[in-house]
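What follows is a short report on a single structure.
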Amino acid sequence: MSPKTLYDKIWDAHVAHEAEDGTCLLYIDRHLVHEVTSPQAFEGLRMAGRKVHAPEKTIAVPDHNVPTTLDRADPATMTEESRIQVEALDKNAKEFGVHYYPVSDIRQGIVHIVGPENGWTLPGMTVVCGDSHTATHGAFGALAHGIGTSEVEHVLATQTLIQKKSKNMKVEVTGKLRPGVTPKDVTLAIIGETGTGGGTGYVIEYCGEVFRDMSMEGRMTVCNMAIEGGARAGLVAPDETTFEYVNGRTHAPKGAQWEAALNWWKTLYTDEGAHFDKVVTIRGEDIEPVVTWGTSPEDVLPITGVVPAPEDFEGGKVEAARRSLEYMGLTPGQKLTDIEIDTVFIGSCTNGRIEDMRAVAEVVKGKKIKDGMRAMIVPGSGLVRAQAEEEGLAAIFEEAGFEWRLAGCSMCLAMNPDQLSEHERCAATSNRNFEGRQGYKGRTHLVSPAMAAAAALTGKLTDVRELI
Amino acid sequence: MEKFEKLQGIAAPMPLVNIDTDMIIPKVFLKSIQRTGFGKNLFDEMRFNRDGTEIEDFVLNKPQYRNAEILVAGDNFGCGSSREHAPWAIADFGIKCIISTSFADIFFNNSFKNGILPIVLPQEQVDILMADAEKGENARMTVDLEAQEITTSDGEVIKFEVDAFKKHCLLNGLDDIGLTMEKADSIKSFEEQAAQARPWV
């Protein structure tokens, strides 16, 4: 048999039907659902008199719209439109009999944090959700990607997706990371290298010592942003770190089933000599703490750098850079560490896990955020929040002057009340710096949790290595 | 789904690269639980001032492009979120075809589900069509899906590739779910076999 990549193996194990032209019906093991991209899909089922094919494989949780302030049990904290979406999910989850974590449940949180945390996401699975950051689950060696609402309806009705296979791409990061360099810096540095279109048409496998050394939380941060690199999905081969994370979680297999699962999971790696259509290699030692300066996630520079000029680019990117600089209110040649910050947002499916909370606490322990700084920490789930409180992290945050919130997507995409105002400048641990993403005319710099914490203390974009 | 066969219409030029889904439909408009009515907010922050007045120099506000049915766009169109509200807004506005050197994967798939034809062409050919679109309302391009040909206003013909299955669905306005349900037996036998092989799933 010819050698296979990890992606080939998972794909082959899930093809329910293949047409002559290579169009496949890919079977879906887990379907995650949230309130923004699902109402039209459930309505479609209802109108056609269809049922959910596999409700036991479907997990719903509201996250995008929900307020994260402590008073959110009060319906007045939500706009009417948001409330309608959340109520529609409540109703649809009940009517179609899918697993559901309502806002009042401690396990509620961002769908991509809830899935892994409760053991829904397992190695070798296919996982989809009507959300592009579904790529997160690739950290487990699961084939996971975002889909549109028509496809949500298709998966609800048939538990399959119509797909053609993507190409294989290998992103290798060799060696060790330097102190102060985190998984977020790694994933941003990769996008800086490949561009936001560099992964289009591919599924990426992240290989190399840096990922082998990385925790599950870190791998989730890396895979989460595979989509910002344009890839359909990102994968890390499962290993002992993965098995240890999964073992004992509520919906993970137990006993003899655990042993059987483990036997299969241990075969999920890329065979020696398997073909990759594209390979990118980066030395871990070359990666520095990074920050974005523009309005595309590929606009990445080391924190030690300066704001570029449009003329530094080629083709269509010249005009895009000019537009970005104007939008961001930056001047070419300006040192990145001279950029003053109004707001710090720590959270999201990229960086809302317990390890991210610990990284922030390490930087801000015993210190105070800059006077006048608006700084919030939004844990990715109720369980992350509870653990951070148990570990004493929440007390550190509150003493430093951060707002310590309830779980949700919050200011990552600003569909709830957490938004930037015009020209407000934010250091954010989220995943997109698009125009208007965090609020109309708001300005976003993407950074790691440690770098966001450093900016909160100094009021400027800051090289966290100077504080640790 | 509405059929797409042959379209003759005005093409609007949008040479900006990396036009993302937050530009196409800002998230404040994602709160509807309907599929329709998003066209009025297409490209909202590029198209309108905060007070609701139009930004004159935005391409779709120019008189010659107000009725555009084709977009010729820069690289990596539709990057970002999986929101199908983006193609819903584009279709609701009346645009049925987008031409670029590349599209983001999820947006590309979403387009076909909504009767929109996204066409990928090499840079030189996109440049020719961009120049044609710059001519304004007199430049009416023709997109023939059956023949897989675009004809410029000058009569130049450019061939394009399209996935055979997606072409079939667009030409006939077919509903994917109905087609898949015809393969219910394959799905059932896959489930039986998977339950043996991976009972923990």
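Note on naming: letters A, B, ... go to the chains in the order of the sequence lines (proteins, then strands), and numbering restarts at 1 for each one.
Across A/Ala261, A/Ala157, A/Pro253, the residue that shares the most heavy-atom pairs under 4.5 angstrom with chain B is A/Ala261. Each of A/Lys57, A/Glu319, A/Met125, A/Arg232 has some count of heavy-atom pairs under 4.5 Å with chain B, and the biggest count is that of A/Arg232. With respect to chain B, the highest number of heavy-atom pairs below 4.5 Å among A/Trp120, A/Phe434, A/Phe42, A/Trp264 belongs to A/Phe434. With chain B as the partner, the residue from A/Asp131, A/Thr134, A/Thr37, A/Thr79 showing the most heavy-atom pairs under 4.5 Å is A/Asp131.
The contact between A/Glu422 and chain B is made entirely by side chain atoms (from C-beta outward), counting heavy-atom distances below 4.5 Å. Interface remark: A/Ala41 contributes backbone atoms only to the contact with chain B (heavy atom separation under 4.5 Å). Both the backbone and the side chain of A/Thr149 have a heavy atom closer than 4.5 Å to some heavy atom of chain B. For B/Asn110, the part lying near chain A is the side chain, with the backbone staying farther off; criterion is any non-hydrogen pair under 4.5 Å. Of the two parts of A/Ser82, the backbone and the side chain both hold a non-hydrogen atom closer than 4.5 Å to a non-hydrogen atom of chain B. For B/Ser81, the parts lying under 4.5 angstrom from a heavy atom of chain A are both the backbone and the side chain. In this structure, the portion of B/Arg198 lying under 4.5 Å from any heavy atom of chain A is its side chain and not its backbone. Proximity to chain B is absent for every atom of A/Val152, based on heavy atoms less than 4.5 angstrom apart. Only the side chain of B/Leu16 comes within less than 4.5 Å of a heavy atom in chain A; its backbone stays farther off. Looking at A/Glu228, neither its backbone nor its side chain comes within 4.5 Å of chain B, counting heavy atoms on both sides. At a 4.5 Å heavy-atom cutoff, the contact between A/Ala13 and chain B is made by backbone and side-chain atoms alike. Proximity to chain A (any heavy atom under 4.5 Å) is restricted, for B/Phe103, to the backbone atoms N, CA, C and O. Contact of A/Thr160 with chain B is made through the side chain alone, with heavy-atom distances under 4.5 Å. Neither the backbone nor the side chain of A/Asn431 comes within contact range of chain B; no heavy atom of the residue lies under 4.5 Å from a heavy atom of that chain. With a 4.5 angstrom heavy-atom cutoff, B/Pro26 does not touch chain A via any of its atoms. A/Ala414 touches chain B through backbone and side chain together, each having a heavy atom under 4.5 Å away.
Under 4.0 Å is where a charged nitrogen must lie from a carboxylate oxygen, and between B/Lys27 and A/Glu81 no such pair does. A salt bridge is absent between B/Asp22 and A/Arg432: the closest approach of a Lys/Arg side-chain nitrogen to an acidic carboxylate oxygen does not fall below 4.0 angstrom.
Taken to the nearest 0.5 Å, the CD1 atom of A/Ile162 stands 6.5 Å off from the SG atom of B/Cys169. Between atom CD1 of residue B/Ile33 and atom CD1 of residue A/Ile84 there is a gap of 6.5 Å, rounded to the nearest 0.5 Å.
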(message) Run B/Lys113 and A/His154 through side chain to side chain contact (heavy atoms under 4.5 Å, CB included) and show every step you take.
(response) CA-CA 11 Å; B/Lys113 315 276 184 202; A/His154 191 279; 5.9 Å; no
(request) Might you work through the side chain to side chain contact (heavy atoms under 4.5 Å, CB included) test for A/Lys441 and B/Arg50, ending with a clear yes or no? (result) CA-CA 10 Å; A/Lys441 301 275 186 205; B/Arg50 277 244 113 165; over 6 Å; no
(request) Show the numbers, then the answer: is there a side chain to side chain contact (heavy atoms under 4.5 Å, CB included) between A/Gln40 and B/His85? (result) CA-CA 10 Å; A/Gln40 294 89 346; B/His85 311 68; 4.0 Å; yes
(request) Given side chain to side chain contact (heavy atoms under 4.5 Å, CB included), test A/Lys254 with B/Trp200 step by step and report yes or no. (result) CA-CA 9 Å; A/Lys254 310 278 184 309; B/Trp200 60 86; over 6 Å; no
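When only modelled atom types and interatomic distance are considered, B/Asn76 and A/Thr196 share a side-chain donor-acceptor pair under 3.5 Å. Between the side chains of B/Asn18 and A/Glu298, at least one donor N or O sits under 3.5 Å from an acceptor N or O. When only modelled atom types and interatomic distance are considered, B/Glu191 and A/Tyr27 share a side-chain donor-acceptor pair under 3.5 Å. In the model, A/Ser150 has a side-chain atom that pairs as donor or acceptor with a side-chain atom of B/Glu84 under 3.5 Å.
Counting heavy atoms from C-beta on, the side chains of B/Asp175 and A/Glu153 never come closer than 4.5 Å. Residues B/Ile106 and A/Ile147 have side chains not in contact (no heavy-atom distance under 4.5 Å, counting atoms from C-beta outward).
For B/Lys188, the NZ atom counts as loosely surrounded, since its 6.0 Å shell holds 12 or fewer non-hydrogen atoms of other residues, nucleotides or ligands.
Classification of the A/His14-B/Phe190 ring pair by plane angle, with boundaries at 30° and 60°, yields tilted.
In this structure, the side chain of A/Gln85 engages the main chain of B/Leu30 through a donor-acceptor pair within 3.5 Å. For the pair A/Lys317 (side chain) and B/Val17 (backbone), a donor-acceptor distance under 3.5 Å is absent.
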